[in-house]
Each structure stands twice: as structure tokens, then as C-alpha cells.
There are 2 protein chains.
Amino acid sequence: MEKLSKELIGASSTPIILSILKKNESYGYEIIQSIKEISGGKIEFGEGTLYPVLHKLEKKGFIESSWKIAESGRKRKYYNISNEGEKELKTEKQNWNTINQIITKIWKIEPNLI
Amino acid sequence: MEKLSKELIGASSTPIILSILKKNESYGYEIIQSIKEISGGKIEFGEGTLYPVLHKLEKKGFIESSWKIAESGRKRKYYNISNEGEKELKTEKQNWNTINQIITKIWKIEPNLI
DNA sequence: TTTTATACATCGAACTTCAATGTATGTTTG
DNA sequence: CAAACATACATTGAAGTTCGATGTATAAAA
């Protein structure tokens, strides 16, 4: 199974991260593991990809961070979704469904059996 | 209805364009109209967005171009999908379906009624 | 004690979107 | 017939994005 394209990663990263944080607060390293696990290894975010996205989402006010000390004694930056973030997630879900319907429609016009 | 995000446009532009060209050969200006029409006005490519994508796809060998004179007497650059392009379209469809399943799965874990 | 896993961060190259701008020509309208 | 509009291609530059590479630090395991 080859890697998913950069474009697809870009389109899905925000809704995926916000969805994960809507369920539970989490931190960067764990989010990477979660995505890998949920996707059955098909989506793998590098740290250089995820952290800038988290910083962007925080700057936009969709998530909020706080440093905590884990039981292990290790420092972690936990992220929570904000009210703004929940609104954004709804919008992104709608947009995803919209585009999914459109391209599915296009593929129906000219069927291409996969 | 607000505009779809840049990321979603980026993720869908190649499969949409290749799908249109798989059905019929076409040219830049007409592709813009087609996408607008098929999407019910929800996706609007500007010329500054579409032309670079067409040039990129041609450079990669997924589409081929030829100048023709239309009945109107106007010059048009027609694009056709290549065999490589058809292969690429299949791959992109599979990738789209994969990511769609993954994010749908994530949304099912934490349902959010739209 | 060395390696591995965890955990954060930034840098820079390569690429992308897209509004703005430029050129050119056929068609319609006042 | 002149002006406006629609068609048709193209490039530029700003702003943003992905992501491999690299850097720092610490806990756990070998």
C-alpha cells in the first residue's frame, strides 16, 4: 500500500485532528500514534507535519494547549478543542460531505470500476 | 453557501479534471465552466488556479494538449487524458475512497450530527 | 552504558492556491 | 461603429503548506 498524497493529507489533517480532540484531550506524539492506529497504518504524520498544524490550529483559536506532567514524569503539551474548534469541525464535515458528493457524482457520470 | 477550502480544492482538482477529460476532451475555459456546473456553483476554479494545474498534469504526462481552431474561429488548447492519466485517475480514486473511509470511521467513533 | 522510545520544536526546499494582471479576439449592444 | 462583454490563454508574486532533516531533552530498556 503506497502512501497517500500530500494533497489528501492536507485536506484531512484538520478534521481528523479536531475529531480526535473532540473525543479526548491529547498531545502531539499521541495524536500521531492515534492517526496511525485508526487508519490501519495508512496515514502517518511525521512530527514536522503535525506540530506546525497544531500551532496553526491554536493560533486560529480552534484548540488550546496546556503543559502537564505525565505519570511518567515527562512533560507533555496537551491540546483541547475549543468552542470555535467544534464549530470549525462541523463546517469541515459539511465541506467534506459536499465535495465527496460532487466527486462521487462525477464518477457516476463516467463509471470507472475500481 | 460559503466557498470550499483551499485544501479541499487541492485534494480534488486532479481527480475532477482527469474525470472530466476521461469523458470528453476539453479545454481550460470549458473545464472551469464544467466544474462550476457539475458542482452546482459550489466549486469555482479561477483561471490562475486551473491553468497551472493543467500545465503540471501535462508535464507529468497525465494529459496531452493540442491547439485547435474552434468553429468560432477562436484558438483553443484542447486536452486529452493519456494512458498514464487513466492509471493515475484510478489511483486517485482509490486514495480518495481510502481517506473517505478513514475519516468516516473517525466520525462514527464520535458521532456529530450534522 | 548504550540504545530505544517518548516528546517537543524549527528549518528550508519544494510545491500550491489564487487574486491580479496582461494579451488577444470574437460577439453583442447602445 | 464604438464600446462593452465574453471567451481564451498565460504569468507573477504573496502567502501558505508538507515533510524530511535536524536539534534538544528525558525516561525506560537492553
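Within every chain, numbering begins at 1; the chains are lettered A, B, ... in the order of the sequence lines, protein sequences first and strands thereafter.
Applying the 4.0 Å criterion to OP1 and OP2 of D:dT18, one finds that A:T49 has every side-chain N and O outside that range. Listed pair A:K75 / D:dA27 fails the phosphate criterion, with no side-chain N or O lying under 4.0 Å from OP1 or OP2. A close approach under 4.0 Å does not occur between any side-chain nitrogen or oxygen of A:R74 and OP1 or OP2 of D:dA27. Between A:H55 and C:dC8 there is no side-chain N or O to OP1 or OP2 distance below 4.0 Å. For C:dA9, the OP1/OP2 oxygens have no side-chain nitrogen or oxygen of A:Y51 closer than 4.0 Å. Residue B:Y27 has no polar side-chain atom (N or O) positioned under 4.0 Å from OP1 or OP2 of D:dC9. Residue A:K56 places at least one side-chain N or O under 4.0 Å from the OP1 or OP2 atom of D:dT17.
At whole-Å resolution of the value, CD1 in A:I69 and P in D:dA25 are 16 Å apart. One can place CG of A:L50 at 10 Å from P of D:dT18, the figure rounded to the nearest angstrom. Taking atom NZ of B:K59 as the reference point, atom C1' of C:dT16 lies 14 Å away to the nearest angstrom. Residue A:F45 contributes atom CZ, which lies 8 Å from atom P of D:dC19 at whole-angstrom precision. For A:L54 and C:dT10, the CG to P distance is 12 Å, given to the nearest whole Å. Here C:dC18 presents its C1' atom at 15 Å from CD1 of B:I43, a figure rounded to the nearest Å. Whole-Å rounding puts the B:L8 CG to D:dT17 P distance at 14 Å. One can place NZ of A:K6 at 11 Å from P of C:dA14, the figure rounded to the nearest angstrom.
Of the candidate nucleotides D:dC9, C:dT16, C:dT10, D:dC9 has the atom nearest to the side chain of B:Y29. Side-chain atoms of B:Y79 lie closest to D:dA10 of the nucleotides D:dA8, D:dA10, C:dA9.
Closest approach of A:L18 and A:I81 over heavy atoms only: O-CD1, 3.6 Å. The minimum heavy-atom distance between B:S19 and A:W107, with the atom names listed, is OG-NE1, 2.9 Å.
A donor-acceptor pair under 3.5 Å is formed between the side chain of B:S82 and the backbone N or O of B:F62. In this structure, the side chain of A:S65 does not engage the main chain of A:Y79 through any donor-acceptor pair within 3.5 Å.
Of the two residues contacting DNA chain C, namely B:E44 and B:S72, the nearest-nucleotide position lying further toward the 5' end is that of B:E44.
Relative to the ring axis of A:Y78, A:K68 places its NZ or CZ within 45° and under 6.0 Å from the centre.
Residue-to-nucleotide contacts include no donor-acceptor pair under 3.5 Å from the side chain of B:E47 to the base of C:dC18.
Listed by chain and residue number, B:E84 satisfy the side chain to side chain contact (heavy atoms under 4.5 Å, CB included) test with B:K87 (two or more places apart in sequence, or in another chain).
At the heavy-atom level, B:G48 lies under 4.0 Å from base atoms of the strands shown. Contact annotation for A:G10: backbone-only contact, meaning every heavy-atom pair under 4.0 Å involves sugar-phosphate atoms and none involves a base.
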